[in-house]
Amino acid sequence: MPKNQNIHKIAVIGSGPIIVGQAAEFDYSGSQACLSLREEGYSVVLINSNPATIMTDADIADNVYLEPLTVESVSAILAKERPDALLPTLGGQTGLNLAVALDDAGVLAKLHIQLLGTGLDTIHQAEDRQEFKQLMEQLHQPVPESLTVHDLDAALQFADSCGYPVIVRPAFTLGGTGGGIAHNEAELKKIGQRGLELSPNTECLIEKSIAGYKEIEFEVMRDAAGTTISVCCMENLDPVGIHTGDSIVVAPNQTLDDPTFQRLRSASLQIVDALNIQGGCNVQLSQDPNSDRYDIIEVNPRVSRSSALASKATGYPIAKIAAKIAVGLTLQEIQNPVTKTTFAAFEPTLDYVVAKIPRFPFDKFVSADRHLGTQMKATGEVMGIGTTLEEALLKAVQSLELDTTMQTTLLPKISPSHAALVTELEHPTDLRLFYLFAAFQQGWSLAELHAHTQISLFFLRKLQHLWTTLVALQSGALTASKAVAASRLGFTAPMIAQAADTTPEVVAALLPAPVYKMVDTCAGEFASETPYFYSTAFPGENESQPLGNSIVVIGSGPIRIGQGVEFDYTTVHCVQAIQAAGYHAIIVNNNPETVSTDFSISDKLYFEPLTTESVMHIIDLEQPLGVIVQFGGQTAINLTESLVANGVNILGTSLAGINQTEDRHEFETLLAQLHINQPKGDTAMNLDEARQIAPTVGYPVMVRPSYVLGGRAMAIVHDESELEEYVQKAMAAAPHQPILIDHDVQGMECEVDILSDGHDVFIPGIMEHLEGAGVHSGDSIAIFPPQHLTSAQQAEIVATATAIGKAVHCVGMMNVQFIVADQLYVIDVNPRASRTVPFMSKVTDYPLAKLATNMILGQSLADLHLTPGIAAAPAGVAIKAPVFSFTKLPGMATGLAPEMKSTGETIGLGATYPEAMQKALYDSYHCPLPQPGDVLLASAAPDASLSAQLAAAGLTVHVFTGDNPAIKPWAVLNADAHQDTASPLNYYALSHQVPLLTSPATLRGLLAV
């Protein structure tokens, strides 16, 4: 079937800012699909409000609109561009819901825009819980006993009739938002009410719980001709009851016998066929472990988070092929881009095992509820590839960057009592894997563990195998055969050394170098040239040969708070600059969600843990000209010292320059030598020193650890009782590193990204923060160009940043943060690309990461036609606003503080400051600018100055009394830093989708606009 020749221009809706449940996987799928459509000769119009992604780069589409994802905004763009078609299935739930809203508003019909790929009828049938249930009944496919409800009374009546527990599944929401398992009437009232309020059409499915069954996912492709294939079958290690995004997932499936596998596969293909899916689709099923019974859980009629995982697990580029199907091509016509000799209709075959482990934010949000359920909480994920499940699983564990001790011993930091262990296993948290090993340590049997967790005995035996291997290492002399046997199960040299009470160097001498195998989609059956490799300790042919003339780029690992998709953006741009300069670019990374781990991006991809051991094995094989660490966030920076110690040539700013800015003591000395102001303070190595420093500096003080990201463990401390708590957190976050204790200076905060060739410094612009000092820069609304700085203050900022860049001999990029108060203070310097790089690159038209890479490779500012000093500001105003995922993380403290909380960002571009601010607010705080007559619901009466500002703006303030207001307010202000998402006022705002402001500074800034 030839592609559609009647259309020429296609609009694609992106997924907007990153939130829990909708993260970098949609940047990957969206960017690949746009490129795939252009490859077929179509003109592509992209609409998205996320500045941090590759997807919103100018070269991804013919026209890129960084605009709010609202019906009004998108309608105006569609009216201007007049596309022939709209592809709605690449922007996650956001894109899907917006396409439905555009159709409901009559926009698509009015503008004669056809939908490509999966149609709206199919979307309704798959997303609407009642319609989906009816279709399953027509197909004679089993579904759990359930009822679709639109009010709480109906939910309670159904639960009474079928019995508790029940699962609440809201319709048209993302990542299980608003859902949960209710074990009794009180829980159902709470979860059911929240689910109804968060569902766009006030609809929930109340389902008899099948928690404890095996959970299976099929990633399926179907074309318009009806050809349907299973790309990948994935099995959750965790049973039904934990959201698949929070589950440990393995591929291919491990525990299904062939008749069961074929039954579930056939069911998945039948459903996708009945739905008339055209593109990619995810089918989730449950399998009773004790019988042949299975149930259909749900279908995602779009590219999903699992699509990215399945693509990276198999090498089959689902989004790229789904886009071609959408324009009429069939699977038998589309060439497999991996083998280049087979077609997309061939189902991938795996001769290895993949394990995905989610990455959670609880190391930063210690007050949040860590328990896992049907609502997703993970911010990212890692993937390990190995010859065996054990090897893949431990490679994934080593990629988590969670806690070195836990990842080495496989045990929780505190040994649990028997009662605590029972609780942890029956009510699992993000640390469940480590508590399973603790159970083996305490002598639990497989039967006991299965009874408490419902985890398949097969997986428990695999974990037991790992534990008995670790115990064997602890007794007797360490021999080469013992070390090699352990390494084939994924044990690293540091793990073996810790167990055997020796050093990693001794262990390394006993182990042969790993071999690298290719991910080729066909288990070696056909010739393949994909440059996508994983290591294994099993002997065999090394399928990766050194490229020569190469440079290794260290990626940023899993997405988490403080280190998001921005660093994948800089990694990809670095690779593109390396290739343009005539070198081979090699990426090392372990995140299956991102663009950087698409094998087509680099000359070679190694999907490996970002540890010294793993990276050194690659360097020993490839013998690169050097390694670049500047674009992989704190992950790559923290590897620098050990790589240098191993003789690696670090390109860009030297280790000495990095330490001058990352080590708080060296940083303090540097600023003093340059006569640059910093808040009064000193560095401490322990609590006693901190207690001596704080009173001298004067409370309140700021506690700042060294070598951390996202402001981890940073806090404003008001007295000695708080000091002990936060200094201990800082020491845990960065052990044996200096902690800066400095006076908390209040003022306007601003920052700059600088480019330097080691001699001269170029600054693309200054960003001003709306909230001021005391709120992490990632959680602040950033304004460019600055609206409130004098020309003299701007000149001082430029001179100061230039002096620091020159003093540390910066080569590449650096980020400098300031407070403007009674004088200019420097508070932080990051010797790497920062999260602001994509934003500043897009609003200034300077590709900062590419320019920085060129300087790292030896070019000067003059070579790149850059003049030292600050660039002229472009016309208009650009605003970067944070996006929070408070709804997904119950118990999380909501007050803005020095430690970062936001999961993503959005952009507002306008000719004026108010226009840009309004656009930024739509997809961040989801509110318009305040208008006279609006009502603000506050936790307490505002102070005199804020009250006067509110009165001048014509706003009425209502103080929250505990009862939900009769009239929906414009916004909620809860400035109590000690309240969390469960506090009554916050809960009201989040469940009723009322904009929630948790910093008075944000409100002051919005009123001033």
Side-chain angles (χ1 to χ4, degrees), residues 16-17 19 47-52 56 65-74 76-77 748-751 765-773 775-789 794 820 835-836 838-840 842-844 873-884 896 901-902 904-936 942 946 949-950 952-955 969-973 975 989 993-1009:
I19 53 176
I47 310 165
N48 202 354
S49 60
N50 187 343
T56 50
Y65 286 88
L66 282 162
E67 295 291 333
L69 294 176
T70 64
V71 170
E72 182 183 16
S73 170
V74 174
I77 295 166
M748 179 189 295
E749 191 166 328
C750 50
E751 64 183 306
I766 300 170
M767 288 161 281
E768 174 185 295
H769 296 176
L770 185 76
E771 282 79 3
V775 173
H776 190 278
S777 60
D779 290 348
S780 296
I781 293 175
I783 305 154
F784 172 79
Q787 302 294 299
H788 305 97
L789 291 175
Q794 293 185 51
V820 180
R835 73 181 58 79
T836 53
F839 170 75
M840 286 300 286
K842 286 166 185 175
V843 301
T844 64
V877 178
I879 291 176
K880 177 174 76 73
V883 178
F884 302 92
L896 301 191
K901 293 182 170 69
S902 59
E905 63 192 47
T906 183
I907 192 171
L909 299 172
T912 64
Y913 180 39
E915 182 189 0
M917 183 65 77
Q918 179 62 87
K919 286 185 175 182
L921 291 176
Y922 279 129
D923 286 345
S924 59
Y925 284 98
H926 301 288
C927 66
L929 284 169
Q931 302 296 321
D934 282 343
V935 173
L936 175 74
L946 183 54
Q949 206 177 352
L950 287 161
L955 268 72
W970 163 72
V972 161
L973 173 66
Q993 300 178 64
V994 176
L996 175 62
L997 307 177
T998 62
S999 169
T1002 308
L1003 178 59
R1004 290 180 195 276
L1006 298 184
L1007 293 172
V1009 175

Exercise for review: Could you go through the side chain to side chain contact (heavy atoms under 4.5 Å, CB included) check for His776 and Lys901 one step at a time?
Suggested key: CA-CA 8 Å; His776 190 278; Lys901 293 182 170 69; over 6 Å; no

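- Under the 4.5 Å side-chain criterion, counting only non-hydrogen atoms from C-beta, Thr1002 is not in contact with Val775.
- Ala873 meets the side-chain contact (heavy atoms from CB on, under 4.5 Å) test with Pro785; sequence neighbours excluded.
- Residues Ile766 and Phe784 share a closest heavy-atom pair of O-CD1, 3.3 Å.
- To the nearest 0.5 Å, the span separating NE2 on His788 from CG on Leu770 amounts to 8.0 Å.
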Point to revise | side chain to side chain contact (heavy atoms under 4.5 Å, CB included) assessment of Leu1006 paired with Met917 | key: CA-CA 8 Å; Leu1006 298 184; Met917 183 65 77; 3.9 Å; yes

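- For the atom pair CG (Leu997) and CH2 (Trp970), the distance works out to 5.5 Å, reported to the nearest 0.5 Å.
- Scanning both residues, Ser777 and Lys880, for their nearest heavy atoms gives O-NZ, 4.4 Å.
- Using a 4.5 Å heavy-atom cutoff, the side chains of Pro786 and Gln794 are in contact.
- To the nearest 0.5 Å, the span separating CG on Leu973 from CG on Leu955 amounts to 11.0 Å.
- Of all heavy-atom pairs spanning Gln949 and Ala1008, the tightest one is NE2-N, 3.7 Å.
- Taking 4.5 Å as the limit, some side-chain heavy atom of Leu946 sits within range of a side-chain heavy atom of Arg1004.
- Between Pro838 and Pro51, the shortest heavy-atom distance links the atoms CB-O, 3.3 Å.
- Side-chain contact between Glu771 and Asp779 is absent, with no heavy-atom pair separated by less than 4.5 Å.
- Put simply, OG1 on Thr998 and CG on Leu896 are 3.5 Å apart, with the number rounded to the nearest 0.5 Å.
- When all heavy atoms of Leu1007 and Pro930 are compared, the closest pair comes out as CD2-CG, 3.9 Å.
- The shortest side-chain heavy-atom distance between Phe839 and Leu66 does not fall under the 4.5 Å cut-off.
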Distance-only check: which donor-acceptor pairs under 3.5 Å involve side-chain atoms of residues 921-929, not counting sequence neighbours?
from: Asp923; atom 1: OD2; to: Ser49; atom 2: OG; distance (Å): 2.6
from: Asp923; atom 1: OD2; to: Leu69; atom 2: N; distance (Å): 2.9
from: Ser924; atom 1: OG; to: Ala920; atom 2: O; distance (Å): 2.8
from: His926; atom 1: ND1; to: Tyr922; atom 2: O; distance (Å): 3.0

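- Residues Met767 and Ile783 have side chains not in contact (no heavy-atom distance under 4.5 Å, counting atoms from C-beta outward).
- Not a single donor-acceptor pair under 3.5 Å links the side chain of Asn50 to the backbone N or O of Thr906.
- For the pair Tyr913 and Ile879, the minimum side-chain heavy-atom distance is below 4.5 Å.
- Residues Leu789 and Glu768 meet the side-chain proximity criterion, which asks for heavy atoms closer than 4.5 Å.
- Remark: Arg835 CZ to Ser902 OG distance equals 7.5 Å, nearest 0.5 Å.
- Nearest heavy atom pair, residue Ala782 against residue His769, reads CB-CD2, 4.2 Å.
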